[in-house]
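Working notes for the structure below.
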Amino acid sequence: MKEYFRFLGRCFRVSFVGDWRYQLWMLVLTFVVLLGVNAYAKQFVHGLIETGMTDQVSWGLYIANFTYLVGMAAAAVMLVIPVYIYRKHELHDLVIFGELFAVAAIIMCLAFVNVDLGRPDRFMHIFWRFNFPRSMLTWDVVALGGYLLLNLHICGYLIYCSYRKRKPHFVFYIPFVFVAIGWAVSIHTVTAFLYVGLGGRPFWNSAIIAPRFLASAFAAGPAFIIITLQIIRRTTAYRITDEALALLRNIVTVALAINMFLLGCELFTEFYTHSAHMASTVYLFFGLRGYHALVPWIWTSIAMNLVAMVILFLPLARSLKYLNLACVLMIVGIWIEKGMGLIVPAFIPSPLGEMVEYKPTLNEILVCLGIWAFGLLLYTIFVRVTVPVLSGRLVSDQVETSGAHPARSGAS
Amino acid sequence: MSAANNPTGGGTGPEPVAPEVTRRGFLRGTLGAVGGVAALAAALSPLKDIDKEDYTLEKFLQKHYKEMTPEEMKKVLARIRKEVEREYKLSPHLRDVKPIDGVQFGYALNLGRCIGCRKCVYACVAENNQSRSPQIQYIRVLEMPRGSVDIERGNHHYDRPTVPDEDHYYMPIQCHQCANPPCVKVCPVEATWQEPDGVTVIDYDWCIGCRYCEAACPYWARRFNFTKPGFPRDEAKSENPCGLNPDMAYLSNRPRMRGVMEKCHFCLQRSREGRRPACLEVCPVGARKFGNLLDPDSEVARILAEKHVFVLKQEVGTLPRFFYYFDQEYPRDIPLSAFKTSATGPALPGTPMTGGEA
């Protein structure tokens, strides 16, 4: 136990150490986090009037980012499945980076839900009167909380074993890995059901939302991981093979194609049927009754996704430069699709047919940036600590100096 | 510490990554920590404006409405009374009004009579102490084109020198007190529930402000306090300068706080004591009817039995307790000649446009 706290202490110290690029990156992130804290403090005092939300559009950027990040967190399984089900063991260590990313993403999700609350001071009410299983929001609390704990356990256990130079015992992590795979699908499904279950919002009341969520998450999440792995490879000595990136590229390609297909299915159903339920979709894609704030966003998103898909299907994507371009396009394109394209239009027009548009305020945007910066800060620290542990340069003093691991010799 | 001494995980050598504690490093660490704390304090500075009364231990520990014993409720009511006295300078008649056995409230609205004057909207605001700034209103009146019940076509912001307009009818919409309320189902903390008399209420001291109920409501009946409710103050008056209604109940019209949901509750501080809702009392044309659905002789029960009533958005399956009907010549008591040359097109030859009831 004492040794474990020593490990945490050393990790804490290591996270402050790095070259000037690392220091600068962390300093910039810290600054943005503080900007976000400042903006949130204002909101905490004056209320959600500091945001662009209204009684008509009662969820905005916060919930949009939350939804997007749930998907990113779920996407960690796309690294886990090849390793543990298809036994591609060369990716073994990469799983840890994927799951660490899931941990950071879930923490960001929880932050986004909390800043969206009108009374964050009463958050603990959820434990006193937990409306389970009736409210989908309580399901989401269980799903996200469980996923966070699972991933913390898996990464924590594997990293600590590596630190102690012990061989991880499969009983302590393999069952958790398999539970986590199923759980990852559940977090995104439950989050989709949060919206799908609302009969009064026809834009969301569609069975295809959950599969679309998963498909887009499995495109944007691994896209993000492709980019971070390259950053890790470039800034640290940690070896990440091109095969790993190629595998992720294949996953992203298929997921994006499925996502576009499902989008097509949805658009056909809405527009060909021409039902009264299509008002929000019309508003989103073409504008309605003279209001069209979201139109440029959604078309930008679709264009980005299409360009990314074309690049991925061409041999071009074997070049990392183009693969990265496609990844960035996907990350941004799907972010817009989730936020501007999925959450906001469901509120426009209102259930009584009123047209009120949503425009986030600067304060609201700063809070979002702060949370993103905080998540990236966490992930950077996780990676910063994990890389030397996995490559054997940060090991426990308690490990016997037998010469079995030459990499460790400096630590004693 | 320089990059040479402590490479980012990037070094290939076997040296330990954990930093050694040197005097210089210690100094830098201390400076960094002090700077960090100072920056955090600066970032948190807006918190100095916080209303400390909002965060007392007493409020933090207050129980859910359904878990409070009568004794505890008494204490809570005393606390709220004191707060209202301090904040709004009036001593309220505040109590917890319980539902009456054998009563299920229902509401019926005669669209044939409503003239769209919005008197109900403002009577409701005054009775139920809604925020005046920003404005919160429970009732929305739509100006509807004749020949359609599609509320998407209603005008929310009609602004005529006089009402009614002959080419339109008017549809007031408020909480429908559904028997199968989606808002209650989704609340993660059970801060909102349906009472035995059918009224869906909110414990304002329990709501966490997630606004899931607002997203779930198909009738847009719920309102959120995006900030602390604001009331214009008449400084000349030493008592009740904000002009609040002192007749208050815990689950209905006591002053709300920032960050919680609120909604129409059929004026339960009135209706549970045998009076009628404020919106009904103020209606100049008698379009609004209210009463006990379980009493076959009540006005509202007779309307349900005798008129052709309908509910809004029946397809969403929420079973509203708020019914609409037309009971006069369509759309209301306007001379028939007015319809002969209406803007919606000429009358069909030989067909008097009188509706079915003539």
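What you are looking at is a predicted structure, and each value in this text was computed from that prediction instead of being measured. Residue numbers begin at 1 in each chain, while the letters A, B, ... track the order of the sequences.
Annotation for A/Phe31: atom CZ does not count as buried by contact number, only 12 or fewer foreign heavy atoms lying within 6.0 Å. Within a 6.0 Å radius of CH2 in A/Trp204, more than 12 heavy atoms belonging to other residues, nucleotides or ligands are found. Shown here is A/Tyr291, whose OH atom has no more than 12 heavy atoms of other residues, nucleotides or ligands within 6.0 Å. Atom OH of B/Tyr65 is surrounded by more than 12 heavy atoms from other residues, nucleotides or ligands within 6.0 Å. Heavy atoms of other residues, nucleotides or ligands lying less than 6.0 angstrom from CZ of A/Phe193 number 12 at most.
The residue among B/Gly154, B/Cys187, B/Cys217 with the most heavy atom pairs within less than 4.5 Å of chain A is B/Cys187. Annotation: maximal heavy-atom pairing with chain B below 4.5 Å, among A/Arg134, A/His125, A/Met355, occurs at A/His125. Counting heavy-atom pairs closer than 4.5 Å to chain A, the top-ranked of the candidates B/Cys210, B/Ala215, B/Pro182, B/Ala216 is B/Ala215. Considering only heavy-atom pairs separated by less than 4.5 Å from chain B, the leading option among A/Ile126, A/Thr386, A/Leu117, A/Thr30 is A/Leu117. Of the residues considered (B/Met257, B/Met261, B/Lys66), B/Met257 shows the highest number of contacts with chain A, using heavy-atom pairs under 4.5 Å. Among the candidates A/Glu50, A/Met136, A/Arg201, A/Met124, the residue making the largest number of heavy-atom pairs closer than 4.5 Å to chain B is A/Arg201. Counting heavy-atom pairs closer than 4.5 Å to chain A, the top-ranked of the candidates B/Lys228, B/Arg211, B/Glu315 is B/Arg211. Contact count against chain A (heavy-atom pairs under 4.5 Å) is highest for B/Lys185 among B/Lys63, B/Lys185, B/Arg153. The candidate with the highest count of non-hydrogen atom pairs below 4.5 Å against chain B, out of A/Gly353, A/Ser135, A/Gly200, is A/Ser135. For the set A/Phe130, A/Trp59, A/Phe44, the entry with the most heavy-atom pairs within less than 4.5 Å of chain B is A/Trp59. The candidate with the highest count of non-hydrogen atom pairs below 4.5 Å against chain A, out of B/Leu142, B/Val186, B/Val316, is B/Val186. Ranked by heavy-atom pairs under 4.5 Å with chain B, the list A/Leu352, A/Leu48, A/Ile49 is led by A/Leu352.
One distance of note links CD of B/Glu152 with CG of A/Leu288; it measures 8.0 Å at 0.5 Å rounding. The distance from atom CG of A/Asn131 to atom CD of B/Glu190, rounded to the nearest 0.5 Å, is 4.5 Å. Once rounded to the nearest 0.5 Å, the distance linking CZ of B/Arg222 with OG of A/Ser58 reads 11.5 Å. For the atom pair CD1 of B/Ile50 and CG of A/Asp121, the computed distance is 8.0 Å after rounding to the nearest 0.5 Å. Between the CG atom of B/Leu44 and the OH atom of A/Tyr40 there is a distance of 11.5 Å, given to the nearest 0.5 Å. The CD1 atom of A/Ile63 lies 10.0 Å from the OH atom of B/Tyr212; values are rounded to the nearest 0.5 Å.
Pairing each heavy atom of B/Ser45 with each of A/Asn38, the nearest pair is OG-ND2, 4.3 Å. In terms of heavy atoms, B/Ala43 sits closest to A/Leu34 at CB-O, 3.5 Å. Shortest non-hydrogen contact noted between B/Leu40 and A/Val37 is CD1-CG1, 4.5 Å. In terms of heavy-atom proximity, A/Gly118 sits nearest to B/Phe224 at CA-CZ, 3.7 Å.
Neither the backbone nor the side chain of A/Arg234 comes within contact range of chain B; no heavy atoms are under 4.5 Å apart. Contact of B/Lys313 with chain A is made through the side chain alone, with heavy-atom distances under 4.5 Å. Looking at A/Phe347, only its side chain comes within 4.5 Å of chain B, counting heavy atoms on both sides. Only the side chain of B/Ile173 comes within less than 4.5 Å of a heavy atom of chain A; its backbone N, CA, C and O stay farther away. Interface remark: B/Tyr55 contributes side-chain atoms only to the contact with chain A (heavy atom separation under 4.5 Å). Only the backbone of B/Ala42 comes within contact range of chain A, with at least one heavy atom under 4.5 Å from a heavy atom of that chain. For chain A, the nearby parts of B/Asp205 are the backbone and the side chain; heavy atoms of each come within less than 4.5 Å. Contact annotation for B/Asp54: both backbone and side-chain heavy atoms come within less than 4.5 Å of a heavy atom of chain A.
Listed for the B/Arg258 side chain is no donor-acceptor partner under 3.5 Å among the backbone atoms of A/Arg119. Under a 3.5 Å cut-off, the side chain of A/Arg122 and the backbone N or O of B/Cys207 do form a donor-acceptor pair. In this structure a side-chain-to-backbone donor-acceptor pair under 3.5 Å is present from B/Thr227 to A/His46.
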### Task
Test side-chain contact (heavy atoms from CB on, under 4.5 Å) on A/Trp128 and B/Val189 and set out the steps.
CA-CA 8 Å; A/Trp128 306 155; B/Val189 296; over 6 Å; no
### Verdict with supporting geometry, B/Trp206 and A/Arg129, side-chain contact (heavy atoms from CB on, under 4.5 Å)
CA-CA 10 Å; B/Trp206 197 259; A/Arg129 283 189 85 91; 4.2 Å; yes
### Message
If you apply the rule side-chain contact (heavy atoms from CB on, under 4.5 Å), what do you find for B/Asp49 with A/Lys42, and how did you get there?
### Response
CA-CA 9 Å; B/Asp49 296 333; A/Lys42 277 183 212 154; over 6 Å; no
